[in-house]
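Notes follow the structure.
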Amino acid sequence: MVERLSEDARDQRAWLARRSLAIGLASFGGPAAQIALIHKEFVAEGKKVDEDRFLNALNYCMLLPGPEAQQLATYCGWMVGGVRGGLVAGLLFILPGALAMLALSFLYVGFGSSPLVESLFHGIKAAVLAIVLQALARLGGRALASPLAWTVAGLSFLALFLFKLPFPAVVIAAALAGIAFAPAAPLPAATAPHMLQAERTPARPSALAGLAVGLCLWGLPVGTAMLLLSPQHVLVEVAGFFSTMALVSFGGAYALLSYMAQVAVEARGWLTPGEMLDGLGLAETTPGPLILVTQFVGFLGGYRDPAPLSPALGGLLAAMMTTWVTFAPSFLFILLGAPFVERIRTVAWLSRALTAVTAAVVGTILNLSAWFALNVLFSDVGTLEWGPLSMPLPDIASFDPVVLVLAALAALLLFRLKRGVAEIVVVCGLAGLGLHLASLAG
């Protein structure tokens with residue numbers, strides 16, 4: 001009997017590893033497509049998780065900062081195989097995209113400055129602008145359902161665009177406004193008792209011990225870099241920034257790009273605005289969560305300021321550090337928080353706070369859209385300073401009409417013809433390349 005149970009457990013683990021890897025390799029198309037793929041593998045075809053528990057897990061993941069699709073994959077793995085299953089499912093969801101982004105990052109620093117590659121990214125940047133506008137339209141349509149939500153979104157945009165306030169401060173202010181002013185929302189119905197079989201609340205000492213171990217593992221690479229290099233080394237700076245970002249990453253990757261532009265581009269100088277757009281275009285064409293664009297940012301930061309390491313090693317370690325500190329909190333949230341999910345879902349003030357934060361995210365993505373549009377359509381963008389105001393000011397003479405045409409093509413494919421994101425990125429990239437070759441032939 002014991003041998004039979006052990007064999008069943010091995011079969012379960014093998015199934016989980018195969019399906020999780022399949023999800024990781026096929027997870028193109030953003031969170032909606034990835035969530036649908038996870039549902040197909042675990043619920044519709046795999047029959048490992050029932051519909052009610054899947055929806056319960058999805059609701060919980062939507063409350064958390066971080067990539068909800070990766071968190072949902074981890075949650076489903078936890079429901080199937082416990083902590084080990086959660087780790088397998090979550091890691092295999094990330095790994096294919098992370099390896100692809102790392103390879104593309106090395107290719108980018110080696111060949112990104114060639115005219116042909118630059119023309120390719122010329123088109124990709126235009127596609128990214130249309131994609132961000134689509135994300136703004138989708139989220140705005142869902143989130144802006146009350147005067148308070150419109151107010152929070154508008155004030156968040158002004159705080160970021162005109163006053164350059166830090167993104168975490170905007171999130172905290174929005175949450176406080178939601179707690180103070182948002183109307184009470186109806187609480188979700190409690191899950192039926194037979195659905196709580198795997199969601200029993202663990203003993204407090206066990207949960208605290210797990211939290212302590214998780215925090216130590218999260219901070220171990222950071223502490224090692226501080227001891228072996230220095231507290232001022234770029235690896236430590238990368239770890240500090242992306243750890244903070246992981247804890248305030250409500251609203252997905254598009255909301256975080258505005259924060260990254262503030263810190264990684266404007267404050268730290270790890271990369272230029274155009275390079276960040278290139279990174280987002282690469283992330284759109286690889287599997288896995290879009291937040292893997294952070295790995296590209298970290299890679300360039302480490303590659304350009306690696307001392308005493310070589311550029312290649314500095315970039316590699318910075319990319320690994322970025323990925324670790326970005327995703328480690330998501331594993332902690334799921335593996336420690338999933339057993340408490342029913343209790344969390346019925347906290348009224350938390351629901352009001354997150355509703356306001358979602359509205360703030362709309363303002364954040366609007367700020368990102370404006371920042372992207374200015375840096376894509378104009379090659380020279382300065383800054384207008386006037387007292388506390390600080391806003392971008394483009395040079396009209398640097399306007400690029402070709403990018404506007406490519407962006408219009410991307411918008412047509414996306415909004416009118418309903419083509420996929422990866423397809424649009426490829427088409428616009430090839431269009432940019434074709435225009436460059438045509439100019440050479442002419």
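These numbers were taken from a predicted model, which means no experiment stands behind them. The figures that follow rest on heavy atoms only: side chains count, while hydrogens, waters and symmetry mates do not. Nothing fancy with the numbering, it's 1 onward along the sequence.
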From [atom1] ([X]) to [atom2] ([Y]), nearest 0.5 Å:
{"X": "L414", "Y": "L133", "atom1": "CG", "atom2": "CG", "result": "9.0 Å"}
{"X": "T326", "Y": "Q70", "atom1": "OG1", "atom2": "CD", "result": "10.5 Å"}
{"X": "R53", "Y": "C76", "atom1": "CZ", "atom2": "SG", "result": "9.5 Å"}
{"X": "R352", "Y": "L176", "atom1": "CZ", "atom2": "CG", "result": "12.0 Å"}
{"X": "L374", "Y": "D380", "atom1": "CG", "atom2": "CG", "result": "11.5 Å"}
{"X": "L99", "Y": "T286", "atom1": "CG", "atom2": "OG1", "result": "11.0 Å"}

Can you name the salt bridge (charged side-chain N to carboxylate O under 4.0 Å, His left out) partners of [X], sequence neighbours left out?
{"X": "K164", "answer": "none"}
{"X": "R84", "answer": "none"}
{"X": "E266", "answer": "none"}
{"X": "R18", "answer": "none"}

Report yes if some heavy atom in the side chain of [X] is under 4.5 Å from a heavy atom in the side chain of [Y]; otherwise report no.
{"X": "L377", "Y": "D400", "result": "no"}
{"X": "L406", "Y": "L129", "result": "no"}
{"X": "L292", "Y": "F327", "result": "yes"}

Under 3.5 Å, is there a donor-acceptor pair between the side chain of [X] and the main chain of [Y]?
{"X": "S243", "Y": "G240", "value": "no"}
{"X": "W78", "Y": "L335", "value": "no"}
{"X": "Q71", "Y": "P65", "value": "yes"}
{"X": "T294", "Y": "I291", "value": "yes"}

- prompt: Using the ring of each side chain (for Trp, its six-membered ring), is Y303 parallel, tilted or perpendicular to F299, with breaks at 30° and 60°?
  reply: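 It falls in the parallel class, under 30°.
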What pair of heavy atoms forms the shortest contact from [X] to [Y], and how long is it?
{"X": "C61", "Y": "I334", "value": "SG-CD1, 3.9 Å"}
{"X": "L277", "Y": "V376", "value": "CD1-CG2, 3.2 Å"}
{"X": "E237", "Y": "Q232", "value": "OE2-O, 3.5 Å"}
{"X": "V425", "Y": "G281", "value": "CG1-O, 3.9 Å"}
{"X": "A264", "Y": "V297", "value": "CB-CG1, 3.7 Å"}
{"X": "G214", "Y": "L332", "value": "CA-CD2, 3.4 Å"}

- request: Please collect all salt bridge (Lys or Arg N to Asp or Glu O under 4.0 Å) contacts where either partner lies in residues 287-316, sequence neighbours excluded, each pair once.
  value: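 Listed by first then second residue: E275-R304.
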message: Per the salt bridge (Lys or Arg N to Asp or Glu O under 4.0 Å) rule, what does the pair list look like for residues 401-426, sequence neighbours excluded?
response: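 Sorted result for residues 401-426: R419-E423.
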query: Are side-chain N/O atoms of T322 and Q295 paired as donor and acceptor at under 3.5 Å?
result: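 No pair is found: no donor N or O on one side chain lies under 3.5 Å from an acceptor on the other.
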- request: Take V362 and W150 through the test side-chain contact (heavy atoms from CB on, under 4.5 Å) and record every step on the way to the result.
  value: CA-CA 9 Å; V362 176; W150 279 95; over 6 Å; no
field: Stepwise side-chain contact (heavy atoms from CB on, under 4.5 Å) check, L384 with S390
entry: CA-CA 6 Å; L384 174 63; S390 178; over 6 Å; no
task: For F242, check ring pair (Phe, Tyr, Trp, His ring centres under 6.0 Å) against everything at least two apart and list the hits.
output: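 Partners of F242 by the ring pair (Phe, Tyr, Trp, His ring centres under 6.0 Å) criterion come out as none, since no residue qualifies.
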task: Could you tell me which residues satisfy ring pair (Phe, Tyr, Trp, His ring centres under 6.0 Å) with H233, sequence neighbours excluded, listed by chain and number?
output: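 In terms of ring pair (Phe, Tyr, Trp, His ring centres under 6.0 Å), with neighbours along the sequence ignored, H233 is linked to no residue.
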Residues 102-112, side-chain donor-acceptor partners within the protein, below 3.5 Å, at least two apart:
{"unit_1": "S105", "atom_1": "OG", "unit_2": "M101", "atom_2": "O", "d": "2.7"}
{"unit_1": "Y108", "atom_1": "OH", "unit_2": "D278", "atom_2": "OD2", "d": "2.5"}

If you look only at distance, which donor and acceptor atoms sit under 3.5 Å apart when one is on a side chain in residues 151-159 and the other is two or more places apart or in another chain?
{"unit_1": "T151", "atom_1": "OG1", "unit_2": "P147", "atom_2": "O", "d": "2.8"}
{"unit_1": "S156", "atom_1": "OG", "unit_2": "V152", "atom_2": "O", "d": "2.7"}

message: Quick check on the 6.0 Å ring-centre criterion: do Y259 and F241 meet it?
response: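 So the answer is yes for these two rings.
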- prompt: What residue pairs, at least two apart or across chains, pass ring-ring contact (aromatic ring centres under 6.0 Å, His included) with a residue in residues 386-416?
  reply: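 Output for this query lists F378-F399.
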Show every donor-acceptor pair shorter than 3.5 Å between a side-chain atom in residues 86-97 and any protein atom, with sequence neighbours excluded, or say none if there are none.
none

task: Dump the intermediate steps for side-chain contact (heavy atoms from CB on, under 4.5 Å) on V49 and H39, then the final yes or no.
output: CA-CA 9 Å; V49 178; H39 180 274; over 6 Å; no
task: Could you walk me through whether L160 and Q262 pass side-chain contact (heavy atoms from CB on, under 4.5 Å), step by step?
output: CA-CA 9 Å; L160 294 166; Q262 279 186 332; 3.8 Å; yes
